[in-house]
Asker: 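Here you go, one structure.
Bear in mind that the values here come from a model prediction, so they are computed numbers and not experimental data. Start at 1 and go down the list; that is how both ligands and their atoms are numbered.
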Amino acid sequence: MQVRDRVVLLTGASSGLGWAMAVELAAKGAKLGLMARREPQLVQLQEQLRATGATVEIAVVDVGDRDAQHAAIAELTGKLGPVDLFIANAGQGAGTTIRPFNREVQQGILRTNLLGVIDGIEAVLPTMLERRFGQIVTIASLAGLRGLPGQEAYCASKAGLIAYSEGLRIRLRSHGINVTTICPGFVHTEMTQRLAWMPFAMSAPKAATKMLRAIERNAKQMRFPLPTALLTWASKWAPDWLVARVLRSMIVD
Ligand SMILES: NC(=O)c1ccc[n+]([C@@H]2O[C@H](COP(=O)([O-])OP(=O)(O)OC[C@H]3O[C@@H](n4cnc5c(N)ncnc54)[C@H](OP(=O)(O)O)[C@@H]3O)[C@@H](O)[C@H]2O)c1
């Protein structure tokens with residue numbers, strides 16, 4: 001989908017990849033509806049983009065709250081019009097610990113990264129089905145392709161998102177709606193700032209450019225960067241002791 005004059009709703013726009021995608025989408029002439037929980041950051045981004053002439057509306061929302069997300073999407077579409085492109089980017093990353101077992105953290109990750117995306121899709125889908133037009137983009141991760149020690153909940157949320165998106169993509173193809181799943185490797189953002197080891201990491205603006213290119217060509221699934229995607233694939237055949245040794249910095253307890 002070419003984004004000029006399209007209504008694009010983007011979750012997780014207050015930092016990192018979401019912020020970088022919003023900047024590039026605005027430059028390409030999209031009409032933006034931006035969502036996240038932190039209002040000051042959203043207002044700052046809105047002012048920055050409006051100064052360039054872009055159409056930008058914001059909604060402060062926790063995507064883990066279904067009703068709040070539905071209300072935010074209704075508010076944004078009321079101002080901008082029906083959604084052409086929905087980018088479900090909001091996500092949380094935190095380690096999984098077993099001593100103590102951090103159940104609340106793990107559930108929060110699944111609520112935001114998986115259930116929050118499903119709730120957002122629930123809100124935008126009826127109009128897309130009615131118009132027989134639209135594109136849904138889910139931001140997953142290469143971590144969804146391989147269970148990693150110390151990141152079990154995060155990997156599960158992204159693996160679930162990849163599977164959900166794949167089924168939906170096949171199902172919606174006869175309805176005129178495209179589904180694109182993006183699986184980034186390491187990107188320098190707030191989420192990764194505490195990670196000690198990030199092979200082949202790239203900047204958020206560079207990653208956003210790659211992601212938007214995949215969105216514009218309606219890619220089914222995009223994995224990048226190639227070396228990390230290949231390492232993830234190869235690690236499926238690596239013995240567990242080797243994976244544990246290489247990833248020991250990720251394991252808190
Ligand atoms: N950075 C990487 O290496 C990497 C790699 C693969 C995939 N990803 C994925 O890329 C996406 C963006 O992450 P990022 O790296 O850009 O991290 P980030 O800078 O921490 O951004 C995460 C964004 O999600 C929003 N968010 C988190 N929880 C939310 C909630 N409950 N409700 C609404 N918004 C929420 C945050 O905004 P508020 O805090 O203001 O709500 C923020 O705007 C995530 O889905 C992440 O899993 C990142």
Asker: Transitive ILVMFWY cluster of L230 at side-chain heavy atoms under 4.5 Å: who else is in it?
Answerer: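 Other cluster members: L226.
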
Asker: Mind checking what residues have non-hydrogen atoms under 4.0 angstrom from ligand 1?
Answerer: G12, A13, S14, S15, G16, L17, A36, R37, R38, V61, D62, V63, N89, A90, G91, Q92, T112, I139, A140, S141, Y154, K158, P184, G185, F186, V187, T189, E190, M191, T192

Asker: Donor-acceptor check, side chain of K158 to backbone of I139, threshold 3.5 angstrom: yes or no?
Answerer: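 A pair under 3.5 Å: yes.
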
Asker: Consider side-chain contact (heavy atoms from CB on, under 4.5 Å). Of T228, I162, T232, which one does C183 pass it with?
Answerer: I162

Asker: Using a 3.5 Å cut-off and no angle test, enumerate the donor-acceptor pairs between side-chain atoms of residues 167-177 and protein atoms at least two apart in sequence or in another chain.
Answerer:
none

Asker: Kindly list each side-chain donor-acceptor pair under 3.5 angstrom involving residues 3-14, sequence neighbours excluded, with atom names and distances?
Answerer:
from: T11; atom 1: OG1; to: N89; atom 2: N; distance (Å): 2.9
from: T11; atom 1: OG1; to: A90; atom 2: N; distance (Å): 2.9
from: S14; atom 1: OG; to: R38; atom 2: NH2; distance (Å): 3.2

Asker: How long is the gap from CG on L148 to SG on C155, to the nearest 0.5 Å?
Answerer: 4.0 Å

